[in-house]
Number of protein chains: 2
Amino acid sequence: MKDADTLSPEALTAALKKSLVFSGLSDAELAGLSRLAAARRLEAGRYAFWEGDTPDYFYILITGRIKVLKHSSQGKEVIIAFFGPGEMFGEVAVFEGRAYPASAQAAVESQVAAIKKDDLLSFLTAHPQVVLRIINILGGRLREAQGRLKDLAGERVEQRLARTLLMLSAKLGASLPFTRQEIADMAGTTTETAIRILGRLKDGGIISSTRGEITILNQDKLRLLSEGPPQV
Amino acid sequence: MKDADTLSPEALTAALKKSLVFSGLSDAELAGLSRLAAARRLEAGRYAFWEGDTPDYFYILITGRIKVLKHSSQGKEVIIAFFGPGEMFGEVAVFEGRAYPASAQAAVESQVAAIKKDDLLSFLTAHPQVVLRIINILGGRLREAQGRLKDLAGERVEQRLARTLLMLSAKLGASLPFTRQEIADMAGTTTETAIRILGRLKDGGIISSTRGEITILNQDKLRLLSEGPPQV
DNA sequence: CTGTCAGTATGATTTATATCATAGTAGTCT
DNA sequence: AGACTACTATGATATAAATCATACTGACAG
């Protein structure tokens, strides 16, 4: 299968209107923007770009789920972020004009809108309110990254896993479509350890799970766990 | 000693002109901005704000050195960032309108320019080019944070320490004014472990050090070390 | 010039977590 | 239906790094 355009211009405009970054624009502005955007379909597992690529495009996710990841020197996969419909990605590289700092992979079959770097930048110059919105989003991402830095540097695996689940559920609700491997790669641990700890959480009635899906049953207990060691 | 204003309006304007964010402004604009800014002196160890405070001010560091840090649930200090003259801090909270996500402490006696949140926001609305500059800076910080996330989640302590030193030296040059404790808090390890590993680096002729100061002698070897385990 | 304290150093011991090994299980592709 | 593969599970073992303990050293304050 190829990267065929799969969206009509109208559908593309509608999709952009639902995005966090561009939702404030007028219909006319959106129509203009969507003329700059190209829809692309990505099968599950395909990469939108790789770490180190020169950044030609800025992306808005329309449908599906995108995983942003880096590889450690030993080849271990580290998941930096997960994005859902309406979120932008690849923006850091575009704004800085340097190579993409991480790779972006479709976790499931996804549709994205790609906007050429230069087109985006000139659009932004003409639309300052969008720029303020972007600052807001980047601020939020920086805040989240800082929280995770603290977790990775200062918390034990059990706390990190609990926080990872809480963070995901704040975005996605109680039902989380992730494998233990993905959870482990987000929390900075191994699949085995994630399985063991999530097994304990399951025994404790805090979560339930089926293959590839984790459901949070007791958010309060999970939060308690994330605050520190069980015995205080 | 109290937080007395210690800068004349002219000196304040000159300081803002040297900052990363505002360096592109005209003298008239800078003068207008400096009327919104208040200079504050912070003794070493004093905090500009604490994690959780409501964000009233946005800061530009004029002289000195600022440490941005968070505390883990066990009370361990995790250093999120170090800033030098001309850099902004406290901005995430201001742009998001939520509590400061981390604390900011003067590492040495420092002078800062504080701008009220609302004043800054209206100034930004009137000066879109500054907003673009901010996006650029935030992008850079996000990139750095993502790199550190990967390091903390996927690299061994020795590699993390090496990368921490390299990152600092990219900003500050070969001579780094940090204690082993600070280095450890940045690399997400303990003081003892940092001492041991830096001791090895010293024996290997890669760094030299005096109390509170580390000098990088062999950046190439350090980079090699940061790439992976010694025996490949 | 002496006491105090933060920084540096080093050894012994513990422990959390990675690693290695093996196996069951549920989707999915043909 | 059968085969294949990704996901989940669990035990045994190894180990990197934390923790605990003790001491030396240089800087600075009184």
Side-chain angles (χ1 to χ4, degrees), chain A residues 1 43-45 67 72-78 105 107-109 151-162 164 176-203 207-215 225 228-231, chain B residues 43-45 67 72-78 107-109 151-162 164 176-203 207-215 225 228-231:
Chain A
M1 299 180 189
E43 307 155 51
K67 217 195 246 196
S72 79
S73 58
Q74 280 94 41
K76 193 179 155 188
E77 215 165 76
V78 179
Q105 184 189 27
V108 298
E109 159 139 8
D151 290 345
L152 286 167
E155 308 289 350
R156 303 191 171 288
V157 172
E158 188 165 44
Q159 273 73 281
R160 298 209 302 269
L161 280 169
T164 302
L176 307 174
F178 299 98
T179 66
R180 274 113 224 265
Q181 165 145 224
E182 287 173 326
I183 300 283
D185 289 345
M186 283 187 259
T189 181
T190 59
T191 309
E192 293 97 321
T193 297
I195 286 174
R196 278 182 241 268
I197 291 183
L198 293 181
R200 288 213 300 270
L201 297 188
K202 207 170 171 179
D203 293 345
I207 64 171
S208 71
S209 74
T210 62
R211 161 173 277 243
E213 179 110 28
I214 296 169
T215 307
L225 202 72
Q231 272 82 268
Chain B
E43 308 156 50
K67 218 195 243 196
S72 80
S73 58
Q74 280 93 40
K76 193 179 156 188
E77 215 167 74
V78 179
V108 298
E109 159 141 8
D151 290 345
L152 286 168
E155 308 289 351
R156 303 193 173 292
V157 172
E158 188 165 42
Q159 273 73 279
R160 297 209 302 268
L161 279 170
T164 302
L176 307 174
F178 299 98
T179 65
R180 273 113 224 267
Q181 165 145 224
E182 288 173 326
I183 300 283
D185 290 344
M186 283 186 260
T189 182
T190 59
T191 309
E192 293 97 320
T193 298
I195 286 174
R196 277 183 241 267
I197 292 183
L198 294 181
R200 289 213 299 270
L201 298 188
K202 209 170 170 178
D203 292 345
I207 63 171
S208 71
S209 75
T210 62
R211 163 175 276 242
E213 180 110 30
I214 296 169
T215 306
L225 202 72
Q231 274 82 267

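These numbers were taken from a predicted model, which means no experiment stands behind them.
- Regarding B:Arg200, its CZ atom lies at a distance of 13 Å from the C1' atom of C:dT10, rounded to whole Å.
- If you check C:dT8, D:dT8, D:dA17 against the side chain of B:Thr179, the one that comes closest is C:dT8.
- Between the CD1 atom of A:Ile197 and the P atom of C:dT17 there is a distance of 6 Å, rounded to whole Å.
- If you take CD on B:Glu155 and NZ on A:Lys76, they are separated by 9.0 Å, rounding to the nearest 0.5 Å.
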Practice item. Take nucleotides 19-30 of chain C nucleotide by nucleotide from the 5' end and write B, S or -, depending on whether a protein heavy atom sits under 4.0 Å from the base, only from the sugar-phosphate, or from neither. Key: BB----BB----
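- Applying the 4.0 Å criterion to OP1 and OP2 of C:dT8, one finds that B:Lys202 has every side-chain N and O outside that range.
- With sequence neighbours left out, A:Arg211 forms a side-chain contact (heavy atoms from CB on, under 4.5 Å) with no residue at all.
- For B:Lys202, the side-chain contact (heavy atoms from CB on, under 4.5 Å) partners two or more places apart in sequence, or in a different chain, are B:Ile207, B:Ser209.
- When every heavy atom of A:Ala44 is checked against every heavy atom of A:Ala107, the shortest pair comes out as CB-O, 3.9 Å.
- When the side-chain nitrogen and oxygen atoms of B:Thr191 are compared with OP1 and OP2 of C:dG7, none of them lie within a distance under 4.0 Å.
- A:Ile195 has its CD1 atom 7 Å from the C1' atom of D:dC7, to the nearest Å.
- In this structure, the salt bridge (charged side-chain N to carboxylate O under 4.0 Å, His left out) partners of B:Asp151, at least two apart in sequence or on a different chain, are B:Arg163.
- The CG atom of B:Leu152 sits 14 Å away from the P atom of C:dA18 (whole-angstrom rounding).
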Would you list the atom pairs, donor with acceptor, under 3.5 Å between side chains in residues 188-201 of chain B and any protein atom, with sequence neighbours excluded?
residue	atom	partner	partner atom	Å
B:Thr190	OG1	B:Thr193	N	3.3
B:Thr190	OG1	B:Thr193	OG1	3.0
B:Arg200	NH2	B:Glu158	OE2	3.2

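- Across all strands, A:Gly199 comes closer than 4.0 Å to no nucleic acid atom at all (heavy-atom distances).
- Axis angle between the ends of the helix from C:dC1-D:dG30 to C:dT30-D:dA1, five pairs each and rounded to 10 degrees, works out to 50°.
- The distance from atom CD1 of A:Ile183 to atom P of D:dA9 is 13 Å, rounded to the nearest whole Å.
- Separating the CD atom of B:Gln74 from the C1' atom of D:dA17 is a distance of 15 Å, rounded to the nearest angstrom.
- From B:Leu176, atom CG reaches atom CD of B:Glu182 across 11.0 Å, with rounding to the nearest 0.5 Å.
- A:Phe178 approaches A:Ile183 most closely through the heavy-atom pair CB-CD1, 3.9 Å.
- Considering every non-hydrogen atom in both A:Ala187 and A:Leu152, the closest pair reads O-CD2, 3.5 Å.
- Distance A:Arg180 CZ to D:dA6 C1': 13 Å, rounded to the nearest Å.
- Here B:Ser209 lies out of heavy-atom contact (under 4.0 Å) with every strand.
- One can place CD of A:Glu155 at 15 Å from C1' of C:dA16, the figure rounded to the nearest angstrom.
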